[in-house]
J.: 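Have a look at this one before I ask anything.
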Protein chains: 2
Amino acid sequence: MPTIGDVAARANVSTATVSRALNGKATVDPELAKRVRAAAEELGYRPHGPARNLRRKTTATLTLVVTDIGDPFFAALARGLEDTARDSGYSVVLCDTDDDPARERSALDVALQERVAGVVIAPTSAATDVSKLIDHGAAVVAVDRPLDEPRSDRVLVDTRAAAAKATSQLLDAGYRRIGYFGCRADGYPDRQRLAGYQDALGTNADECLIRHACPRSDTAASAIRDLLTPPVSADALLIASPQLTPDTLGAVTEHELALGTDFGVVAFDVAAWAMAVRPALSVVSQPAYEMGVTAARHIVARLAGETGAPRHTELSPEFVVRGSSLRESR
Amino acid sequence: MPTIGDVAARANVSTATVSRALNGKATVDPELAKRVRAAAEELGYRPHGPARNLRRKTTATLTLVVTDIGDPFFAALARGLEDTARDSGYSVVLCDTDDDPARERSALDVALQERVAGVVIAPTSAATDVSKLIDHGAAVVAVDRPLDEPRSDRVLVDTRAAAAKATSQLLDAGYRRIGYFGCRADGYPDRQRLAGYQDALGTNADECLIRHACPRSDTAASAIRDLLTPPVSADALLIASPQLTPDTLGAVTEHELALGTDFGVVAFDVAAWAMAVRPALSVVSQPAYEMGVTAARHIVARLAGETGAPRHTELSPEFVVRGSSLRESR
DNA sequence: TTGTAAGCGTTATCAT
DNA sequence: ATGATAACGCTTACAA
């Protein structure tokens, strides 16, 4: 692999000139610049990233820390981040934490070691410590969940309002015993959605209509059964987790309940397959891609020298009413 | 940010000793080693990644190049890769190409610049040029699609056999006009699946039962309509793309066809929501996570010095028969 | 405008 | 076993 010295030799100039020419500094003779580019081309020269990073004391790398890239929400966010970051010359390193604070810590630790320029993180908890990163000059933006750290930007979604809206719509459609089904009751998004659900129901909220369970587990199966049968007998469900949705819908059919007509459903973040079911699913979909784009923009702006108060962006989810939450459907 | 020199000063040793101690070299007095670790700890010292990479002439970074991380197949693969790579100390950089050779080239180019240790790529075409990477010593493994480059490892899936098996099962279940619905007719996976479909059908294959369309487009809608109505009148469908599946299923219902009973369906790579539909979907699911794990293992082995012929791994997809491809269902 | 040379923070060679 | 010291390949004062 040729170095900048090889290019310099071939173009009969100094390494400094090669560096300047290749980095498009104005102060270099067009004639020489051309010669340098030609030499670099002929040698197949590629600047040595680590050396450059060492010298410049910064990298063109962003770290994305999420619970699970297999979650379509985070995958879409990652896509938005990568598309936007790449346009500004940044690469994206991917880290999955599985909501494990230890894994998260280690991910942030390597981010610090590698001197990444920025970190986009869906923190396991608001207390996650990103101060060392920020002290060192990295731009940090929290996505999906807030961070206590006052110097971090954030990109959140008003999922609480969306949950309230969805619940109200179910109410309007005539459902009376509307349940809430979520996983990870301790997580920020779930708490927000539950709060929105309760906002809409007011004093009518009935504790036994609220359930939490891990997707694809026995507890999920029995929670669903409980919800669908007496004494609970829900007649509609706000499903806060996309992972819980397939099994729930299956159970609804199993219990001979007609989706929409007998049993209303609004699901969160089911984007890919809402139309696979009939009647089609009513969904609250979060603007995951845009969140990634926005996070990237914040970081790029910060790294471009923008100073001042942290940016707090709150996007709105889209609520799409389809047959699954309409009594009059069919 | 403290450097190795600061640690050395605090521990009253040379930087060389600090380096050795922190990298666990045997040749260092346990006493000193402890002092060094303490000093490093107190200072919150983190080795400077780029400097280390420069000196070591290699990085602990892998680049993953896929068409779209939003595709659940690639997301699962990414997860498997990241989990496994992390265990060996590697980070994963994510690049989406959208099947665009230009974007792919630029992704490979930065991988080369950054001197990544390895590349996992689902190439846009077998002709994709990874030779410079390999010349430079990077380990390259092709996933999902093969690469002409003879020095690259590969992790493929026998999707052709799986398609044949699925088609045969439809045949056995009594369906007679089995269609094939795919997107991107020029891609390797689609060609394999179509070939498998034809393997099973033999001379009975009817050209007009084979359609290709882009997901969520007008062409998709009309292709589905054509397939479901005379003169084509398919009575079953092998859906080679998960993205095409929701709309197809919706259309089946719209045409008053009972899934399974009237119209058989086997879908590829629908893992998350196969159980949301009733009857549940028969699916061919590729071992995406395992592919990522395997790719990581290959790379780690290569980088650990393993030499010899390229590893060619072929995994088998799982074919799960459920109600959607059983005539006797209901 | 161009060249010389001093680092950036490590690791590894070579003495001691 | 430990310590000087020379790279690694690049960018950027500073000189010319």
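Note on naming: letters A, B, ... go to the chains in the order of the sequence lines (proteins, then strands), and numbering restarts at 1 for each one.
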J.: On DNA chain C, check which nucleotide each of B:Thr17 and B:Ala51 is closest to and give me the residue with the more 5' one.
T.: B:Ala51
J.: With salt bridge (Lys or Arg N to Asp or Glu O under 4.0 Å) as the criterion, how do A:Asp29 and A:Arg35 come out once you've worked through the C-alpha distance, each side chain's angles and the decisive distance to 0.1 Å?
T.: CA-CA 10 Å; A:Asp29 187 289; A:Arg35 219 162 74 208; over 6 Å; no
J.: With a 4.0 angstrom cut-off to heavy atoms of chain B, pull out the first and last contacting nucleotide of DNA chain C, in 5'-to-3' order.
T.: C:dG9 to C:dT13
J.: Can you name the nearest heavy-atom pair linking A:Pro146 to A:Pro123, along with the distance?
T.: O-CG, 3.6 Å
J.: Counting only non-hydrogen atoms, which of residues 52-59 of chain A are less than 4.0 Å from DNA chain C?
T.: A:Leu54, A:Arg55, A:Lys57
J.: For B:Pro50, which contact category applies under a 4.0 Å heavy-atom criterion: base, sugar-phosphate, or nothing?
T.: nothing
J.: Please list all pairs passing the salt bridge (charged side-chain N to carboxylate O under 4.0 Å, His left out) test where one or both residues lie in residues 44-71 of chain A, with sequence neighbours left out.
T.: A:Arg46-B:Asp109, A:Asp68-B:Arg79
J.: Run the side-chain hydrogen bond (donor to acceptor under 3.5 Å, both in side chains) test on B:Thr159 and B:Gln192 for me, step by step, so that the C-alpha distance in whole Å, both residues' side-chain angles and the decisive distance to 0.1 Å come before the verdict.
T.: CA-CA 6 Å; B:Thr159 198; B:Gln192 290 295 305; over 6 Å; no
J.: Side-chain contact test, heavy atoms from C-beta onward, threshold under 4.5 Å: evaluate it for A:Leu108 versus A:Val130 and give yes or no.
T.: yes
J.: Name all residues meeting the side chain to side chain donor-acceptor pair (under 3.5 Å) criterion together with A:Arg311; count only those two or more places apart in sequence or in a different chain, and write none if there are none.
T.: A:Glu306
J.: By nearest heavy atom, map B:Ala16 and B:His48 onto DNA chain C; which one lands nearer the 5' end?
T.: B:His48
J.: So, using side chain to side chain contact (heavy atoms under 4.5 Å, CB included) as the criterion, who are the partners of A:Thr294 when residues are at least two apart?
T.: A:Val155, A:His298, A:Thr313, A:Leu315
J.: Going by side chain to side chain donor-acceptor pair (under 3.5 Å), name the residues that satisfy it together with B:Asp87, two or more places apart in sequence or in a different chain.
T.: none
J.: What's the angle between the local helix axes at either end of the helix from C:dT1-D:dA16 to C:dT16-D:dA1, using five pairs per end and rounding to 10 degrees?
T.: 40°
J.: How would you list, by chain and number, every residue that makes a salt bridge (Lys or Arg N to Asp or Glu O under 4.0 Å) with A:Glu149, sequence neighbours excluded?
T.: A:Arg151
J.: Who pairs with B:Ala60 by side chain to side chain contact (heavy atoms under 4.5 Å, CB included), at least two apart in sequence or on another chain?
T.: B:Tyr90
J.: Partners of A:Ala76 by side chain to side chain contact (heavy atoms under 4.5 Å, CB included), sequence neighbours excluded?
T.: A:Ala288
J.: Go through DNA chain D in 5' to 3' direction and return only the first and the last nucleotide with some atom under 4.0 Å of chain B's heavy atoms.
T.: D:dA1 to D:dG9
J.: Using a heavy-atom cut-off of under 4.0 Å over every strand shown, decide if B:Arg115 touches base, sugar-phosphate, or nothing.
T.: nothing
J.: Show the nearest heavy-atom pair for residues B:Ala75 and B:Ile69, with the distance to one decimal.
T.: CB-O, 3.5 Å
J.: Can you list the residues that meet the salt bridge (Lys or Arg N to Asp or Glu O under 4.0 Å) rule with A:Arg184, with sequence neighbours excluded?
T.: A:Asp99, A:Asp186
